[in-house]
There are 4 protein chains.
Amino acid sequence: MTATTVDSPVLATDWLARAREVAEVLAGDAAERDAAGRTPVAEVRLLKESGLVTLLGSRAAGGGGQDWSTALDVVRTVSRADGSVGQLLGYHYLWFWAARFFGTEGQIRLLEEEAIRGTLFYSGALNPRDKDMAAVDRGDSLVINGRKSFASGSGLSDRTFLGAALPDGRPAFVIAESTAPGLVYHHDWDNMGQRLTESGTITVTDLEVPWTAALGFVDKELVSSVYSSLSILTLQQIMANLYQGIAEGALSAAAGYTRTQTRPWPYGGDPKDSACEEWYVLEHYGDFQSRLWATGALVESTNAALSDALHDPRPAMTPQRRGELAVRISAAKQRTIIEGLDVCTRMFDVMGARATSGKYRFDRFWRNLRTHSLHDPVAYKKREVGQYALMGQLPRPTFYS
Amino acid sequence: MTATTVDSPVLATDWLARAREVAEVLAGDAAERDAAGRTPVAEVRLLKESGLVTLLGSRAAGGGGQDWSTALDVVRTVSRADGSVGQLLGYHYLWFWAARFFGTEGQIRLLEEEAIRGTLFYSGALNPRDKDMAAVDRGDSLVINGRKSFASGSGLSDRTFLGAALPDGRPAFVIAESTAPGLVYHHDWDNMGQRLTESGTITVTDLEVPWTAALGFVDKELVSSVYSSLSILTLQQIMANLYQGIAEGALSAAAGYTRTQTRPWPYGGDPKDSACEEWYVLEHYGDFQSRLWATGALVESTNAALSDALHDPRPAMTPQRRGELAVRISAAKQRTIIEGLDVCTRMFDVMGARATSGKYRFDRFWRNLRTHSLHDPVAYKKREVGQYALMGQLPRPTFYS
Amino acid sequence: MTATTVDSPVLATDWLARAREVAEVLAGDAAERDAAGRTPVAEVRLLKESGLVTLLGSRAAGGGGQDWSTALDVVRTVSRADGSVGQLLGYHYLWFWAARFFGTEGQIRLLEEEAIRGTLFYSGALNPRDKDMAAVDRGDSLVINGRKSFASGSGLSDRTFLGAALPDGRPAFVIAESTAPGLVYHHDWDNMGQRLTESGTITVTDLEVPWTAALGFVDKELVSSVYSSLSILTLQQIMANLYQGIAEGALSAAAGYTRTQTRPWPYGGDPKDSACEEWYVLEHYGDFQSRLWATGALVESTNAALSDALHDPRPAMTPQRRGELAVRISAAKQRTIIEGLDVCTRMFDVMGARATSGKYRFDRFWRNLRTHSLHDPVAYKKREVGQYALMGQLPRPTFYS
Amino acid sequence: MTATTVDSPVLATDWLARAREVAEVLAGDAAERDAAGRTPVAEVRLLKESGLVTLLGSRAAGGGGQDWSTALDVVRTVSRADGSVGQLLGYHYLWFWAARFFGTEGQIRLLEEEAIRGTLFYSGALNPRDKDMAAVDRGDSLVINGRKSFASGSGLSDRTFLGAALPDGRPAFVIAESTAPGLVYHHDWDNMGQRLTESGTITVTDLEVPWTAALGFVDKELVSSVYSSLSILTLQQIMANLYQGIAEGALSAAAGYTRTQTRPWPYGGDPKDSACEEWYVLEHYGDFQSRLWATGALVESTNAALSDALHDPRPAMTPQRRGELAVRISAAKQRTIIEGLDVCTRMFDVMGARATSGKYRFDRFWRNLRTHSLHDPVAYKKREVGQYALMGQLPRPTFYS
């Protein structure tokens, strides 16, 4: 695709075609960038220029006018080529929607307009397991201090979603300018996978924001609803799409290699002229594809259910519906992780020894998926689904369910 | 449900509700009938009285006017309670559609009208691995002789679909009255699973049928199309629904038992008051449910694609579309088998030793699924999908793909 | 082998050869007996006549003079042919050793002599989850009343090991004549697997035994040691050998069938003249055999360690050694279950649909293994090994570890 | 351990203790060296100074006098800490034994003496899939030219085993001084795993060696025996020990991390004070350990069988014995790979997200195992064992079986 994208698509299928174009560009040097640990500045620019970052914005405000089903499919598509960029885009969509999750009508309008006008890229600093980000009331403003690890997209974004806590325990969610003086990015992200996500530590020092910037507060009182708690489900389902995308990307990369590079095995009986005719090669690919089609079908049906939930009129969101959606998402997430890791490991069996050469960095699929899929334990996803399957219990909303 | 069913539903959801009612009746004595090996005469009658057997018939002709997507869902629903009856119903739908697959316009009209008027139940004798069913031209009529094993529904049906071969190798597909004198049912079905399907041997002796009864023949010439070859895919996808249903039935039966019978394990640390609170119990059920949701999602999306293919105008069926549908169905079938067997085996781990008591016959789920899933080798399903995933190759239509 | 066996072997290898002869006899009608649910009266007689029942007895007293390593290997060998008889023999060995586990020197001598002289066959009624078998002190004697389920070998044995509890909670282990008037066998064993083990309920009514028959009591005081707690480990390892044997028997039966009955699959490409040349068939058998060799190696090394523990001078048994042996046995048991069930399920994939015929009853391997492997939950075996692997913790001795 | 090791141990247990000391040193900076891709010059020196390199030498000649069983156990031990160094040591042992595999009595004596006197370290260049290493007869000498990839230990060794082919196809195996002018090391090894093995390309240009240096040639005629073909089995079993060691190292590293770093999960119910009390953590570790005990038991029993075969008098080696050993080794290799990869992947589930930090490089276990386990396809190992399990066929000796 050209660097400067002109018109935005209208149809979802066209948006997906655009996402595939972006993915193709990303795939071109994904291995090289992974090796170099190169901060994805150009790649975020590409996301902006492609129009993908405003895909969820209403058409009235100049956005793409697409629903979450399409957004999630775009995340999956981009993740096929580059798990890091897929993650950044997925998180961007989440925070782009932050005002809708937590904000007032006024905040929704204002933030969307600003986001679309500026083609803003979002990131967040929220890790619930770091407890020390605190907000203090200073009359008209809030002053925030603290520290968050795993702040993906740090320093790459235009706006940063900050999760702080008021002294009385209420959450103060604020969208800050990423270049605000109080924000310091430690650039300490050095991980085995998702290496280009800039998920390092962020410290916030005396960041002052007006109360009006605190999402959902009216007269310093927090207005909240079941809808807010969909934010967690959305994040979890973004992950399912990320994992599904990484696994599909792995399968596709492996197949490309086997088709063109893998030599048939001449020993052991029943030799073939081409690796593509070898029984175990075909059986493996059939197994991989079947597994990923099954997880993909679950991801797709769950995407549709979540998208409906996010776009339906708010009163339609009941705790029961929310809970059933949650367990379904838990299932999608765990299955993509389990099957995905299996594909990312066993694909080498049908590529052969030379595919381990450093120049390919085919291990990045496993490293990326393995790293991010530890966000919260798969075991608890199983437990959660089990409580529903066995007793019809719905998960209590937490930061992870 | 009452024995005599009054009005037929209109909506698909109502048909599914009816299927659930039928399933509930079947579940009541499924274990007992499995133990006794009781021929499902009453159960076939129930299928007729419920209206399910004419569900696929056009509303104009007095049928249910439903599409294949609903029919397949009904098969899955009934199979939850009784794999044998689910199989019989699924096969019935296939042969109910036989005239559409292979017949002329006139045959389609005639056979549908007859089927709906008489609430006819269909079975078939077709096993392609038995090669000795021969049809001979006798002027205006064909005379058929031969033998087929695995003729499910033998002696239970009103009409039997017979697959014979003409001397020149062309297939002669005939729908015969099941009580025709030339048909002998050997009642030799004695198997570890699907015990109530009456899948024994059938011998045909000097069965004479008019040429007009040979599906698709016009002036003794066979008219055929890509659409005909959808019959195999339909059969395969019926199986996927059968397997998915059996596995879901197993999960549901197991959960019911665990909830009410399983005692918590008092040794080994971390004791709970109820088995339903034990970590491994919850984890297992979550794992089972997640796996079956994934296979279920694949089955559903494949049902929809097949249903579209079956109901779309015939020119819409191209070899490419047929091939892509075929590999997708191969994937659905293999995944339901693999995950289903796993659930049917491991479910005992969360029920406990007393669940092996003969009175429950909980092993019937494994036995049923294990038996029917050997219809054709899973390994070749993987191979077939692999050829597509790796090289974009489509399967050559055979009796199994 | 002839019905009346003459001389006993001397070498372990000869005892194993004899066990293989017994297994061959048992295999001859194992399927038929499973179908008929025939009480293994003749089979227990065969075990006696073969000399296997006194294999563990000291040569001085007329026994076989073999160690536990051989006894366990014999259990595995017999279980290949018939899981039920393998279980009965394994349990017999356990109770044959009961005096050594729990008794005084005098009881050991007396009971061994009696057992060898009479070629006695042992069974037990001990299920720790049934709490209501009570022993009451009546001066010189104890009077026992109560009920136990899962009393394998009920009515088949000459002696029955009874586990009762004194009012103060101390265990009173008694070996009673199985024909004693107070013992009633309910013959209510009707299970999906291990169908020929007569594992029904036993009730004990006013059974009076002298205090001297209570194992390990001296002047009504219980003498106990770490060695006693090896009884549980021995039982658990008997199970590991039972499971390994069943799985090996399944593999062997499957291979015999595939070699002689399975037809090659003619569809799907790459056809072969024989099923034994088909890639997926060979791959499956290689996978099965490799898995069972791995579990077999673990079972064998654990057999050796347990045998040493049982035959070493008693002071050599420390809690540490006992604990490390326990976790190793837990590992062996769980691996044989998991891999065994897998083989018993997937073996059908390489036999084909006709192998499900009722006449073969090939499902009995799965049913037998699935049934007995629920004795105590695999999940707790994993937990127990995990506590050791992670923290070096040893399991607290219970009735199951 | 001290840099300069004094006395060599006598007992196998002491050699293993020494191997553990070496492993401890290696573990100290294994992650760092993996990150840096540092050539293991110091590590090879450590192997020499520890005496491990001459462990297999006869005591008469000043060697350790140990058997192969111990050598393989040492490889496994060292591989726990550092897969690369474990591989180098394993290969060294193979080539140390080269004269015994292929040489004459005189060559055996000479080369052993030289190896022990100089504490020589061996490597090899043999990849059978590179066909272009050619030896030409120049009267008293051979002149070798060609190229081999995957020449592990290139430039690190004192002697290099070269596999060339004479014009008539006979193999000419030569042990050359690694610093000989004709040998050029390309230092082009850049791989995702086993990064420190220096397994790059070697080119040989006009290397002239006397005919007496060609192993097994007498008067230019090649003397060979079944024993020679044990070299392949030895290499394969070295790999099984390497994989087992890597997997055990992974488990140990993971457990260390979980014990000290992993935080318990506070959400989802049933919270614990420590991650080590969490059910899923314990269950995973129990599963990991049980799997690795099973593969370990198979590796050990196969080590013993191979060691016997290597040390027994040569006439004891029959094709039947060789074949049965081969399939057993194939099983051991495949099981260590499959279970090992599973442990190396799932161990992260019980360490948590922070364990993916680049500083730990815990992914190296998966990368190392995944890379080397592609030496030859696992699928063919299954096939080979399957041919034996199903039909009693023994593998034809090749470069891989």
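Quick note: numbers below take in every heavy atom, side chains included, and nothing from hydrogens, waters or symmetry partners. Values in this document were obtained by computation on a predicted structure and should not be read as measured data. In the text below, chain A, chain B and the rest are named by the order of the sequence lines, each starting its count at 1.
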* **From CA spacing to verdict: side chain to side chain contact (heavy atoms under 4.5 Å, CB included), B/Arg383, C/Trp279** => CA-CA 11 Å; B/Arg383 181 181 175 88; C/Trp279 56 263; 3.7 Å; yes
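- Using a 4.5 Å cut-off between heavy atoms, B/Arg129 contacts chain C through both its backbone and its side chain.
- For C/Arg370 and B/Asp349, the salt-bridge test passes: some basic side-chain N is under 4.0 Å from an acidic carboxylate O.
- Using a 4.5 Å heavy-atom cutoff, the side chains of C/Lys382 and B/Tyr280 are not in contact.
- Of all the listed residues (B/Tyr267, B/Trp189, B/Tyr380, B/Phe362), the one sharing the greatest number of non-hydrogen pairs under 4.5 Å with chain C is B/Tyr380.
- Among the candidates B/Pro128, B/Gly193, B/Gly269, B/Ala355, the residue making the largest number of heavy-atom pairs closer than 4.5 Å to chain C is B/Gly269.
- Ranked by heavy-atom pairs under 4.5 Å with chain B, the list C/Lys381, C/Arg354, C/Arg364 is led by C/Arg354.
- In C/Lys359, the NZ atom is not crowded: 12 or fewer heavy atoms of neighbouring residues, nucleotides or ligands sit closer than 6.0 Å.
- Between B/Asp376 and C/Trp265, some side-chain heavy-atom pair lies under the 4.5 Å cut-off.
- C/Leu374 approaches B/Gly352 most closely through the heavy-atom pair CD1-O, 3.9 Å.
- For B/Glu278, the part lying near chain C is the side chain, with the backbone staying farther off; criterion is any non-hydrogen pair under 4.5 Å.
- C/Arg367 places no side-chain N or O within donor-acceptor distance of the main-chain N or O of B/Asp363, the cut-off being under 3.5 Å.
- Contacts between residues 394-401 of chain C and chain B, defined by a heavy-atom separation under 4.5 Å, are made by C/Thr398, C/Phe399, C/Tyr400.
- For chain B, no part of C/Arg195 is nearby; none of its heavy atoms comes within less than 4.5 Å.
- Using a 4.5 Å cut-off between heavy atoms, B/Asp188 makes no contact with chain C at all.
- Between B/Trp366 and C/Trp366, the ring-plane angle classifies as parallel under the 30° and 60° cut-offs.
- Atom CZ of C/Arg361 sits about 8.5 Å away from atom CG of B/Asp190, to the nearest 0.5 Å.
- With a 4.5 Å cut-off on non-hydrogen atoms, B/Tyr360 does not touch chain C at all.
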* Quick one: do C/Asn191 and B/Thr356 satisfy side chain to side chain donor-acceptor pair (under 3.5 Å)? Show the steps, please. => CA-CA 6 Å; C/Asn191 247 55; B/Thr356 61; 2.4 Å; yes
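- No part of B/Ser373 comes within reach of chain C, as not one of its non-hydrogen atoms sits under 4.5 angstrom from that chain.
- For residues 337-344 of chain C, the interface with chain B (any heavy-atom pair closer than 4.5 Å) comprises C/Leu341, C/Cys344, sorted by residue number.
- Residue B/Arg263 touches chain C through both its backbone and its side chain, counting heavy-atom pairs closer than 4.5 Å.
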